[in-house]
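For reference, the structure is listed below as structure tokens.
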Amino acid sequence: MTGLSRREFLRRAGVGAGALGLGPLLVACGQGEGMPSFTDEPSGILNFANWPLYIDKEKVADGRFVRPSLAAFTEQTGIQVNYREVIPDADMFFRQIEPYLAAGEPTGWDIVVITNGITLTKMKNLGYLVELPVGMRPNFDAHAGSFVRDPSYDFGNRYSMAWQSGVTGIAYDPEVTGRPITSLGDLFSEEFAGLTEEDWQRAADLLVRQRDSGVLADYYSANYIPALKRGDVAITMAWSGDIFAAKLGKDLPEQIEFVVPVEGALLWTDAMVIPEGAAHLADAITYMDHVYDPKVAAQIAQYVNYITPVPQAQPEIVKMAESVGDPQERVRLLQVAQSPLVFLTDEMAANLHEYRELATDDEAAAWEATFRTVFEG
Amino acid sequence: MSAAAPATLEALPKRSESPLREPHKRWTRFILPTYTMAMIVYLSIPIFVMILYSFNDIPGDRQTSQFWGFTLDWWKNIFNIPGLPEAFKNSLLIAPISAAIATALGTLFGLALGRYRFRGLIWVDFVIFLAIAVPEIVLGSSLLSMFVLTNFPLGLYTILLSHIGFSIAFVAVTVRARVQGLDRNLEDAAQDLFASPIVSFFKVTLPLIAPAILAGFLLAFVLSLDDFVITNFVAGQKTTFPLWVFGAQRIGIPPQVNVMGTVLFSAGILAAITSVLAGRRRGR
């Protein structure tokens with residue numbers, strides 16, 4: 001489907017609506033006067049849709065809470081960021097903006113953050129994403145980590161730049177397992193099934209579910225953290241940021257380890273993309289490249305605790321730690337800087353796989369049909 | 001449901017005072033109260049957990065499954081999460097307005113349906129039923145298509161319109177049930193005493209159906225407050241409390257969510273008690 005036929009469809013829809021007396025509401029739709037471009041002067045406005053709690057915050061002197069990295073961006077560039085935490089889920093958010101995209105109308109957003117996967121691929125394939133100007137992102141070219149460059153879902157980063165990433169690996173309690181865990185095979189090993197006798201059934205249930213599903217069973221709900229803590233499960237598949245945040249929040253004992261299994265682990269990425277119809281392209285690309293400045297990336301990573309796409313943010317966080325007065329805060333920042341769950345070690349990075357891209361709708365439907373029974377069963 | 005149960009229980013002893021009933025009380029009279037209490041406890045346990053965890057003295061700033069001890073920090077810093085207060089405010093702004101408008105429209109609907117026979121009554125009835133029975137996701141996506149087609153910008157107004165839309169039917173059914181149970185002779189008597197139709201409506205009918213109107217209002221209020229699916233489609237750049245919490249779940253829910261949940265629950269309880277008390281007073 002091309003943009004032209006979509007516009008044609010809309011014009012017809014407009015005629016129909018006009019007959020119903022709705023004409024005045026349809027003024028100026030489908031008209032492309034003064035198309036925005038990346039090379040324009042920034043307009044000073046940026047509409048940014050993100051997930052809740054996905055950017056740094058800080059208390060300022062008068063007791064208000066602000067988002068320091070956004071405030072600094074506005075100060076530097078004069079671009080006001082209309083930052084909204086409106087994405088509860090990538091697919092649900094897409095459903096909301098899809099009718100606009102399909103009608104060739106602006107969604108109202110200049111940057112949206114979508115997880116790589118079916119939704120992102122669909123948006124790309126339907127032509128709903130604006131192609132990024134490859135020459136206009138010096139920070140990205142200089143500082144982006146290898147694991148977010150040329151991802152399988154978007155070769156050449158033509159449409160997307162990573163916001164934050166995470167790894168689905170294995171978390172385990174060495175005191176219970178008695179040995180280091182290295183492989184996915186360990187997840188299904190009988191040896192760990194009956195460790196705490198009274199919890200055997202629950203643990204077994206979890207493991208059985210894992211075996212049945214093959215890869216993912218109950219992870220989205222983060223149910224495994226309490227289970228891991230109680231010792232119900234000795235090992236489990238886990239999201240890196242969850243485990244790190246839980247350890248930091250003392251929700252998990254110190255000894256819990258997170259590993260990337262020898263078979264490799266899945267890397268997922270929440271990517272910034274520009275939806276078709278965005279009005280402030282120059283502002284958008286300015287911001288998307290801005291967050292690849294290691295200082296900015298450090299500011300965001302120390303709060304979010306998922307994997308930052310900028311490995312060079314690590315020394316910046318150490319610098320932040322050195323300059324901070326509060327000893328507790330210093331320890332926390334150093335913990336973040338040293339965590340392999342925020343900054344991937346080389347061997348971890350070498351062993352990561354991306355979600356396989358489901359290239360066609362048919363393939364996506366087949367994938368959903370196969371795994372839905374596992375999630376819902 | 002649970003709020004209505006105690007009212008039924010209170011009505012029981014009154015009836016047993018009648019001379020026809022045997023005064024001798026058997027052990028079986030404990031079955032219903034025990035069952036009711038058990039159900040109330042069962043239904044409220046999750047709520048009490050939510051309230052308890054609003055006092056959880058966690059070391060970080062994301063809710064954990066472990067209870068660390070008692071603190072009032074989250075209550076003192078209820079607005080310390082950027083984004084959350086705005087979402088909460090939006091919910092609290094939309095809920096009463098949409099409930100008030102839906103109540104006004106739904107009450108008239110309920111009166112017409114309960115009182116008069118007219119051509120097309122069956123169809124109106126059917127539409128009301130449909131509005132309640134249609135899956136939210138269908139309603140949400142059709143509303144969105146409509147707003148897109150008419151170029152209506154998404155935001156608080158579209159959330160408000162949608163919430164009014166799906167709440168009207170609930171108010172209408174509640175009011176209709178009360179109207180059908182009314183004794184028409186009361187209105188006739190008023191008019192026999194030379195009250196004009198308008199006066200008899202305000203002096204007789206309206207006070208009699210007031211508890212149903214209040215119940216309908218509360219229902220609409222609560223429906224608006226916790227709607228997720230439809231709101232998700234029509235929210236545009238705005239976000240509401242349920243939408244925000246759903247999204248925050250991925251990163252970790254801040255304990256302020258528990259605090260706000262507790263505040264909402266307390267407000268709901270107060271409203272329910274008001275409604276029951278009002279209902280009892282009018283019922284006499």
Side-chain angles (χ1 to χ4, degrees), chain A residues 10 13-14 16-17 20 22 25-29 47 49-55 57 59 63-67 82-89 92-93 95-96 98-100 102-103 105 107-109 220-223 225-227 229-230 241-242 245-246 248-252 304-306 332, chain B residues 56-66 68 76-77 79-87 137 140-155 158 228-240 242-257:
Chain A
L10 192 85
L20 292 167
L22 298 169
L25 290 168
L26 282 158
V27 201
C29 65
N47 297 305
N50 205 344
W51 302 60
L53 297 176
Y54 220 13
I55 199 165
K57 60 149 189 165
K59 196 175 191 168
R64 274 183 317 122
F65 271 71
V66 293
R67 301 187 171 106
N82 175 22
Y83 182 86
R84 305 274 175 154
E85 299 176 320
V86 292
I87 307 187
D89 173 274
M92 280 190 204
F93 182 72
R95 275 185 221 161
Q96 189 193 110
E98 188 177 18
Y100 290 91
E105 285 203 63
T107 60
W109 299 112
Y220 198 84
S221 51
N223 283 339
I225 289 185
K229 193 182 68 195
R230 286 193 305 262
D242 282 350
L248 207 59
K250 302 283 190 298
D251 200 21
L252 276 179
V304 176
N305 294 338
Y306 272 110
R332 189 189 71 83
Chain B
N56 192 0
D57 191 11
I58 47 176
D61 57 1
R62 315 270 163 88
Q63 192 59 268
T64 67
S65 56
Q66 188 177 336
W68 293 86
K76 285 184 208 146
N77 300 311
F79 295 127
N80 276 2
I81 310 283
L84 178 57
E86 287 84 346
I137 198 146
S141 58
S142 357
L143 280 166
L144 176 59
S145 313
M146 186 184 79
F147 291 136
V148 173
L149 199 65
T150 55
N151 240 12
F152 200 98
L154 297 187
T158 47
F228 177 86
V229 180
I230 295 174
T231 314
N232 174 53
F233 278 104
V234 299
Q237 299 209 353
K238 299 292 178 183
T239 183
T240 62
L243 292 186
W244 195 93
V245 173
F246 190 98
Q249 200 178 321
R250 176 161 188 207
I251 318 285
I253 294 187
Q256 277 86 344
V257 168

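Nothing here was measured: the structure is a model prediction, and the numbers come from that model. Sequence lines set the chain letters: A, B, ... in the order given, protein chains first and strands last, and positions in each chain run from 1.
In this structure, Asn232(B) CG and Phe93(A) CZ are separated by 9.0 Å, a value rounded to the nearest 0.5 Å.
Taking the side chain as every heavy atom from C-beta outward, Gln96(A) and Val234(B) never approach each other to under 4.5 Å. With contacts defined as side-chain heavy-atom distances shorter than 4.5 Å, the pair Phe228(B)/Met92(A) qualifies.
Residue Phe152(B) comes nearest to Tyr100(A) through the heavy atom pair O-OH, 4.1 Å, listed as atom of the first residue, atom of the second, then distance. Taking every heavy atom of both residues into account, Gln237(B) and Asn82(A) meet most closely at OE1-ND2, 2.7 Å.
Ranked by non-hydrogen atom pairs under 4.5 Å with chain B, the options Arg67(A), Glu85(A), Glu98(A), Lys57(A) are led by Glu85(A). Interface check for chain A: of the options Thr240(B), Val229(B), Ile253(B), Leu154(B), the most heavy-atom pairs under 4.5 Å are formed by Leu154(B).
Within the 3.5 Å criterion, the main-chain N or O of Gly236(B) finds no donor-acceptor partner in the side chain of Arg84(A).
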Walk me through it: do Arg95(A) and Ile137(B) pass the test side-chain contact (heavy atoms from CB on, under 4.5 Å)? CA-CA 10 Å; Arg95(A) 275 185 221 161; Ile137(B) 198 146; 3.3 Å; yes
Any chance you could lay out the side-chain contact (heavy atoms from CB on, under 4.5 Å) test for Phe246(B) and Ile87(A), step after step, and finish with the verdict? CA-CA 9 Å; Phe246(B) 190 98; Ile87(A) 307 187; over 6 Å; no
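Interface residue Leu53(A): backbone and side-chain heavy atoms are both found under 4.5 Å from chain B.
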